[in-house]
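Everything below concerns the one structure shown next.
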Amino acid sequence: MNFYKQAAEILDRLGKKEGSIKGLTLGNAEVKDKKRMYALICETLKHNATLSLVLQESKLLTLEKKLTRSLALLLLHDLLLQNRGIQASESWPMKQAVMKHKARLKAEFVKAKIKVGATKDGLVEGEEEVLMPRYVRINLLKMTPQQVIDAFVANNWTFLPLPPSPPAPPAPNTFHRDEHLDFMFVFPPKSDLHLHPLYASGVLILQDKASCFPAAILAPPKDAYVIDGCAAPGNKTSQLAMGMSNGGKIIACDLDLRRLNILKRLTTKAGCTNITALNTSFLTLDTTTPDHSKVTHILLDPSCSGSGIINRLDHLVDAYAEEQEQANILETTMTGGAAERAAAEEKKKERLKSLGEFQIECVTKAMTFSNVHKITYSTCSIYAEENEHVVTTLLRNHWPKWKLSPRSKVLPTWHRRGYPADVGDIPGLVSTDEDRSKVADCLVRAVPGGSEGDLMNGFFVACFERVGKNSNPGLSPTWKSSSIGAKRTHDEIADDRATHTTSGSTPSSKKKNKKKKKNKAAVEITGGSVLTLSGAEDEELYDEE
């Protein structure tokens, strides 16, 4: 099959959300030149805003009806952004259809870059690559942080006793310990550790810092009975097992069997021995069974918009799918598109509303387990509809039986908290700006990116506690208001490190587990056999969450 035609089919499938970029390229046995295909798809998606504008203004699809939208975008990418141009025979009709408009397309590309505010090579602000540190979680089941430090220093790396100030990615060939999570090390951007022996042996786990927050906050004790309700691909599950020193029991649920197989592989590689994997939706679990009545802690990282993810492939896919849908609407309308654009915006609002309702349903389900006394809820979203609004609704529905854990239990040294303005009124609990600030102070936020961001993906975490007979159901007046944006000094970091070490767990990718199937095939993970994954799937495709 022609390389570009195959690439166009992959783009079409991505637009319909029928798979991941890596899965449809690197993990696709039918793709011969996998690296080239992967690069072309990724780069075309990165430049989608500019290329789509060229396509629109040039009216190429109207003039050349044999071209499909996906194929045209791919050919435009190579024509306009690659020195080698379109790598296909001069006699190929599709190449001829584009090349006859070469001069005009290049002129439109220049205008499009100006119109969209492109900063370089056609990338608009927000699409250009953000260089974030490479975060690495040390698997304490296999090695201590000091042993890892010694191994890297012996390999000519320089260990920095304190992180850079002001916060910045480490310089080349240097690394340091994270100031908030002592089991995490921070390496320079683009550090490729996939071939490192410690990665191969399951000591190093590549995981964004923000995705480690939920399990670190849940912090179940060694003998806890835990449910990871939206578990695959398994990094947060293995972090839970690490924090529990393989004690107690963890039930990991996921409706997608392929992703669950990846979880089994990753957690086995990590040396986890206390996990039972269930091929089912968390929402279908029977809370009355003897096993589930023992559950004490639940971690929930349900499907969300993914709007906090930067430099992540599924974010490119989401943006492309949304743009494709809107383009299809505009191409079939005669009204100029104003009404259709408004309808698309309304659809976005409806999607956020639907996601928020699903997230509320998940946490509400968790609160029905009779012995559960702690629940973490998290998203990789920047939108209040999935964050503070969800928390507000849950407190309205379940307070005073459930309350938020205070800041003292929820990463107290982390500087960025929830947004008070997005916390709604809660009868009997929240009615003033001071009340809203107290609620927001219980919440954790991470702002994506560098410069004004937190050098990580965007994230949100809330922790709910069941209110005991003699405990305070309200917002304790001793909780201090948040100091949003405050940075800790090197002395404070050093003092804190000398007296305190954080251990804990992680979050997960977003699951599409709305279907309520009751396929509950349980598989005990004992560190022995590993299920074989279909095709060329590898844990590398899922190592960062």
Checklist entry - Which of these passes side-chain hydrogen bond (donor to acceptor under 3.5 Å, both in side chains) with H101: E108, E64, K106? => result E64
Checklist entry - Checking D254 side chain against A232 main chain: does a donor-acceptor pair fall under 3.5 Å? => result yes
Checklist entry - Do the two ring centres, one from H196 and one from F152, sit under 6.0 Å apart? => result yes
Checklist entry - Quick check: does any side chain N or O of T268 sit under 3.5 Å from a backbone N or O of K264, one acting as donor and the other as acceptor? => result yes
Checklist entry - Between T68 and S70, does any side-chain donor sit less than 3.5 Å from a side-chain acceptor? => result no
Checklist outcome for this item: Applying side chain to side chain donor-acceptor pair (under 3.5 Å) to S381 and not counting sequence neighbours gives S305, S307, E386
Next on the checklist: Under a 3.5 Å distance rule, please check whether K34 uses its side chain to pair with a backbone N or O of N28 as donor and acceptor.
Outcome noted: yes
Checklist entry - For residues 79-90, which residue pairs qualify under salt bridge (Lys or Arg N to Asp or Glu O under 4.0 Å), counting only residues two or more places apart or in two chains? => result E90-K95
Next on the checklist: Angle between ring planes, H180 versus H415, binned at 30° and 60°: parallel, tilted or perpendicular?
Outcome noted: tilted
Item to check | Results of ring-ring contact (aromatic ring centres under 6.0 Å, His included) for F185 - residues two or more places apart only | outcome: F175
Item to check | K353: side chain to side chain donor-acceptor pair (under 3.5 Å) partners, not counting sequence neighbours | outcome: E357
Item to check | Contacts of type side chain to side chain donor-acceptor pair (under 3.5 Å), residue Q96, not counting sequence neighbours | outcome: none
Checklist entry - Quick one: side chain to side chain donor-acceptor pair (under 3.5 Å) partners of D78, sequence neighbours excluded? => result Y4
Checklist entry - Is any side-chain N of the basic residue among E179 and K209 closer than 4.0 Å to the acidic one's carboxylate O? => result no
Checklist entry - Can you find a side-chain donor-acceptor pair between S238 and N139 that sits under 3.5 Å? => result no
